[in-house]
There are 2 protein chains.
Amino acid sequence: MSNRPLTPSMEDYLEAILVLEKKNRVARVKDIAAMLDVQMPSVTGALKNLRDRNLIDYEKNSFINLTDMGLEKAKKIKKKHGILLSFMEIVLNESGEEAEKEACSWEHHLSTNVANKIQRVVDYIEEGFETGRITPDEWNRLIEG
Amino acid sequence: MSNRPLTPSMEDYLEAILVLEKKNRVARVKDIAAMLDVQMPSVTGALKNLRDRNLIDYEKNSFINLTDMGLEKAKKIKKKHGILLSFMEIVLNESGEEAEKEACSWEHHLSTNVANKIQRVVDYIEEGFETGRITPDEWNRLIEG
DNA sequence: TTCCCTTGTTATGATTGCCTAATTATTTGA
DNA sequence: TCAAATAATTAGGCAATCATAACAAGGGAA
């Protein structure tokens with residue numbers, strides 16, 4: 001039972017499990033590996049690590065289930081991911097694979113506090129679009145330099 | 001001569017060398033260790049790594065000198081660091097040790113393109129303060145939620 | 001049922017980056 | 001000058017994360 005803080009890598013696995021559960025009902029080793037671009041043995045190792053941390057229930061060759069604690073943590077990470085993605089897309093006019101990749105790296109180094117503030121920046125820009133304070137076109141010209 | 005992409009850790013060392021050179025004329029192992037909060041043997045190891053990458057000239061027990069390539073890379077990282085810090089301070093109203101730490105982690109996962117766009121967000125907010133479009137107080141209330 | 005294909009696991013090894021302890025080199029000051 | 005203090009290096013080890021190769025388990029089809 002490891003009590004050390006979650007590493008970025010383990011956060012990635014946890015998030016992948018949550019995303020795959022939503023998408024496919026169950027998260028399979030093969031799909032986690034594909035999503036994170038690692039080989040299957042790396043996933044097996046990670047699952048043991050997450051089990052030691054009581055974040056998943058898992059027996060070999062069987063289904064993976066997030067524990068309450070695991071689900072909670074996975075949701076937090078996923079939320080940060082979403083905030084960063086919307087910041088990238090709406091505020092920075094960046095989308096696609098590159099933006100996705102950068103958001104993925106950032107999210108592990110982002111405090112909840114800062115994440116919330118970034119969300120409010122996104123809200124402010126979106127509201128500006130809605131009220132006509134600034135048009136998306138104007139904003140994008142501004143942001144593209 | 002390693003040609004792999006610079007790791008976050010090696011970027012930290014490179015940046016620390018540049019900062020210490022500016023501050024003290026020369027970067028010493030002891031000071032790099034203190035700045036990055038690692039032990040001196042870790043620095044020695046990192047210096048060999050950076051030398052293998054042709055980013056510093058370095059012989060043991062002697063001065064450390066950034067090569068042209070090393071200087072260039074160090075400056076880029078330092079610039080990203082500065083951009084993130086100003087984003088934290090001006091846009092997110094976050095300063096102090098915590099903000100510094102988060103900027104330090106981010107900067108290694110930040111493309112030049114996204115960094116430049118973030119800079120323009122900072123400029124936009126600052127300009128808003130100058131023109132009175134929005135006051136710092138209003139902005140901070142907004143961002144603090 | 002039995003063979004085959006897919007999926008998952010184990011065993012093992014490489015890399016990175018950090019540490020402590022011990023040694024060597026350099027600097028300082030009496 | 002030379003002994004003590006400081007600085008830096010080497011040696012050896014540990015933890016995390018990934019990989020490849022080989023083996024085991026499970027499911028479908030003849």
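Using a 4.0 Å cut-off, some side-chain N or O of Y13(B) falls inside it from OP1 or OP2 of dC18(C). Between dC19(C) and S42(B), a contact under 4.0 Å exists linking OP1 or OP2 to a side-chain N or O. Residue S9(A) places at least one side-chain N or O closer than 4.0 Å to OP1 or OP2 of dC18(D). Contact annotation: Y58(B) side-chain N/O to dA8(D) OP1/OP2 distance is not under 4.0 Å. In this model, the phosphate group of dT7(C) is not approached by any side-chain N or O of N61(A) to a distance below 4.0 Å at OP1 or OP2. OP1 or OP2 of dA16(D) lies within a sub-4.0 Å distance of a side-chain N or O belonging to R4(A). The side chain of T7(B) contributes no N or O atom lying less than 4.0 Å from OP1 or OP2 of dT16(C). Put simply, T44(A) has a side-chain N or O that comes within less than 4.0 Å of OP1 or OP2 on dT9(C). One finds no side-chain N or O of K60(A) lying less than 4.0 angstrom from the OP1 or OP2 phosphate oxygen of dT7(C).
The NE2 atom of H108(A) sits 17 Å away from the P atom of dA16(D) (whole-angstrom rounding). When rounded to the nearest whole Å, the span between CG of D12(A) and C1' of dT17(D) equals 12 Å. Following rounding to the nearest Å, N49(B) (CG) and dC18(C) (P) show an atom-to-atom distance of 10 Å. Whole-Å rounding puts the M40(A) CE to dA22(D) P distance at 16 Å. For R28(B) and dA25(C), the CZ to C1' distance is 15 Å, given to the nearest whole Å. A straight line from CZ of R53(A) to P of dA16(D) spans 8 Å, rounded to a whole angstrom. Summarising the geometry, the separation between CG on L36(A) and C1' on dA19(D) is reported as 15 Å, rounded to the nearest angstrom. In this entry the distance linking CG of D52(A) with P of dA16(D) reads 10 Å, nearest Å.
Mapped onto DNA chain D by nearest heavy atom, S62(B) and Q39(A) fall at different nucleotides, with S62(B) at the one closer to the 5' end.
Checking side-chain atoms of R53(A) against main-chain N and O of R4(A) turns up a donor-acceptor pair under 3.5 Å.
At a threshold of 4.5 Å between non-hydrogen side-chain atoms, the residues T112(A) and K80(A) count as touching.
The line from CG of L92(B) to NZ of K117(A) is 6.5 Å long, rounded to the nearest 0.5 Å. With values rounded to the nearest 0.5 angstrom, D137(B) atom CG is found 9.0 Å from F129(B) atom CZ.
A donor atom on one side chain and an acceptor atom on the other are not found under 3.5 Å apart for E98(B) and N113(A).
Side-chain proximity of P41(B) to the nucleotides dT10(D), dA8(D), dT9(C) is greatest for dT10(D).
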